[in-house]
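Have a look at the structure below before the remarks.
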Amino acid sequence: MQAGDNHPLRKALADHLDAERPAILAAYQAELEGVHSPLIDDHASRPQLLAHAAVTISDVVRSVRLGRATLDEGYKLLARDIGKRRAESRLNPRASLQAATHLVDVVMNAALNYLADREGAQELLRLVVRALTESVIMRVNEASLAYSSQLLHDINAAHVEERRRIARDLHDRVGSGLGVAHHQLELATFYHATDPGNAMERVTLAHDAIQDAMLSMRSIASDLRMDEQVHNLEKALNTLLETIAPTNVIMRLRVNGDEAWASGHVLEETYLIIREAVRNALAHGTPSMVLINVDIAPSRLHATVEDDGGGFDLAEARRSAGMGLTSMRERAELMGGRLMLTPVVNRGTYVELVVPLSEHRDE
């Protein structure tokens, strides 16, 4: 028997699913809350999630009425919005697939409960499955394309910002130093005949400015080299401190544990987060001491960066793009970890990173 041959039961099932739409959505929401889906906790994803579920139910109702699988014409726009939003929120795609599985379950349960022991139920269930499969797969496909597109856009934006940062560093740190040196040498030439002592002092100042510019160049070159994947975190951090540590700041590094417990990706992201924290401490806190501790265990990586500088106002820093706080948090979250900053004005800053490792990682 074909689904189209059982018109009264098809209509009755379609009417039932339509009437049960609020109950199906409530059951779907309850299931996601039961498994602590991040999509339910995200304030922007939650309404999108329920809207997607409602449209999927409409697809099934319409398909049952027509006797063939059919999609709402606007499914692409909704799915693309969902994919873009979840990429912006850095929500794991696994959460979307998990949500789709739960949606299929609750809709199928509603259909099964209604069709139990009814003649012709088997063909109608096949139709429901076909409609659900087509609706969910097509939407997941569109959302995946939008998700990937947004991530590529973000990666490109990050590369552009990194190039801008390098340009700023070259201008501010190297260019200004060379400009000072050039000016002092001009003054040395001017005083050469009339005031040799002053002229030599200017030459010394020019020499110091050139030395500073060379150190800045080494630091920038080191940053570019360390953008490659980190295989030894302790060595990479030691190299970083050698290139950027001012002579008047005490820098202490301690790495404890076996780095083999962490993946190369985690080591690389940890390095980049610590590098940004150290940069911020030196650039904004004017500390006399910076302490870096990294503890690696089979279950987690725990890192801290502590300084005794001037600290900063966290609310004001979040409004500024100069300290990279958003990037640091995003890197931590993409590893499944968390980043905590505790700045105290005039008393220094404490940065803490915790990343779960191996099977202990939160899904």
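Just so you know, these numbers use all the heavy atoms, side chains as well, and skip hydrogens, waters and symmetry mates. Start at 1 with the first residue, then count along the sequence.
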Between [X] and [Y], what is the shortest heavy-atom contact and its length?
{"X": "Ala53", "Y": "Tyr28", "answer": "CB-CE2, 3.5 Å"}
{"X": "Leu13", "Y": "Ala111", "answer": "CD1-CA, 4.3 Å"}
{"X": "Ser288", "Y": "Asp308", "answer": "OG-OD2, 2.5 Å"}
{"X": "Leu267", "Y": "Ala262", "answer": "CD2-CB, 3.9 Å"}
{"X": "Pro287", "Y": "Val249", "answer": "O-CG2, 3.3 Å"}
{"X": "Tyr114", "Y": "Ala12", "answer": "OH-CB, 3.2 Å"}

For the [atom1] atom of [X] and the [atom2] atom of [Y], what is their distance to the nearest 0.5 Å?
{"X": "Asn256", "Y": "Asn293", "atom1": "CG", "atom2": "CG", "result": "9.0 Å"}
{"X": "Ile24", "Y": "Asn109", "atom1": "CD1", "atom2": "CG", "result": "9.5 Å"}
{"X": "Glu330", "Y": "Met335", "atom1": "CD", "atom2": "CE", "result": "12.0 Å"}
{"X": "Glu306", "Y": "Glu352", "atom1": "CD", "atom2": "CD", "result": "10.5 Å"}
{"X": "Ile250", "Y": "Asp307", "atom1": "CD1", "atom2": "CG", "result": "13.0 Å"}
{"X": "Glu242", "Y": "Thr239", "atom1": "CD", "atom2": "OG1", "result": "5.5 Å"}

Please determine whether the number of non-hydrogen atoms from other residues, nucleotides or ligands lying under 6.0 Å from atom CD of Glu186 exceeds 12.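 Correct, the count exceeds 12.
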For atom CE of Met200, is the number of surrounding heavy atoms from other residues, nucleotides or ligands below 6.0 Å larger than 12?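 At most 12 heavy atoms, drawn from other residues, nucleotides or ligands, come within 6.0 Å of this atom.
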Which residue is it: [options]? I am looking for the one with a side-chain contact (heavy atoms from CB on, under 4.5 Å) to [X].
{"X": "Met251", "options": "Asn238, Leu237, Leu241", "result": "Leu241"}
{"X": "Arg331", "options": "Glu276, Glu269, Glu268", "result": "Glu269"}
{"X": "Arg329", "options": "Leu353, Leu334, Leu341, Ile273", "result": "Leu341"}

For Val354, what are the other residues in its hydrophobic cluster, where any two members join if their side-chain heavy atoms are less than 4.5 angstrom apart?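 Val354 shares its hydrophobic cluster with Met340.
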Same cluster or not: are [X] and [Y] linked, directly or through other Ile, Leu, Val, Met, Phe, Trp or Tyr residues, by side-chain heavy atoms under 4.5 angstrom apart?
{"X": "Leu205", "Y": "Val203", "value": "no"}
{"X": "Leu240", "Y": "Leu291", "value": "no"}
{"X": "Leu132", "Y": "Leu125", "value": "yes"}
{"X": "Val64", "Y": "Leu25", "value": "yes"}
{"X": "Val278", "Y": "Met289", "value": "no"}

Apply side-chain contact (heavy atoms from CB on, under 4.5 Å) to residues Leu187 and Gln184 and explain how you reach the verdict. CA-CA 5 Å; Leu187 291 175; Gln184 295 300 330; 4.1 Å; yes
Is the shortest distance from a Lys or Arg side-chain nitrogen in Arg254 or Asp295 to a carboxylate oxygen in the other one below 4.0 Å? yes
Within the structure provided, determine whether [X] and [Y] are in side-chain contact (heavy-atom separation under 4.5 Å).
{"X": "Ile210", "Y": "His207", "result": "no"}
{"X": "Ile274", "Y": "Val294", "result": "yes"}
{"X": "Leu32", "Y": "Leu49", "result": "yes"}

Starting from the C-alpha separation in whole Å, work towards a yes-or-no answer on side-chain contact (heavy atoms from CB on, under 4.5 Å) for Leu115 and Leu9. CA-CA 9 Å; Leu115 292 172; Leu9 185 54; 4.1 Å; yes
Dump the intermediate steps for side-chain contact (heavy atoms from CB on, under 4.5 Å) on His52 and Gln48, then the final yes or no. CA-CA 6 Å; His52 170 266; Gln48 282 187 330; over 6 Å; no
May I ask you to decide if Val266's main-chain N or O and Thr270's side chain share a donor-acceptor pair within less than 3.5 Å?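 Indeed, once roles are kept as given, a pair shorter than 3.5 Å links the two residues.
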Are any side-chain N or O atoms of Glu259 and backbone N or O atoms of Glu234, one a donor and one an acceptor, separated by less than 3.5 Å? yes
Please enumerate all residues that pass salt bridge (charged side-chain N to carboxylate O under 4.0 Å, His left out) together with [X], with sequence neighbours excluded.
{"X": "Arg338", "result": "none"}
{"X": "Arg118", "result": "none"}
{"X": "Arg202", "result": "none"}

Can you list, pair by pair, the side-chain donor-acceptor contacts under 3.5 Å of residues 15-23, counting residues two or more places apart and other chains?
residue, atom, partner, partner atom, Å
Asp15, OD1, Arg65, NH2, 2.6
Asp15, OD2, Lys11, NZ, 3.0
Asp18, OD1, Arg21, NH2, 2.4
Arg21, NH1, Ala54, O, 3.3
Arg21, NH1, Ser58, OG, 2.6

Qualifying salt bridge (Lys or Arg N to Asp or Glu O under 4.0 Å) pairs with a residue from residues 23-40, counting only residues at least two apart or across chains: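 Passing the test, one end in residues 23-40: Glu33-Arg46.
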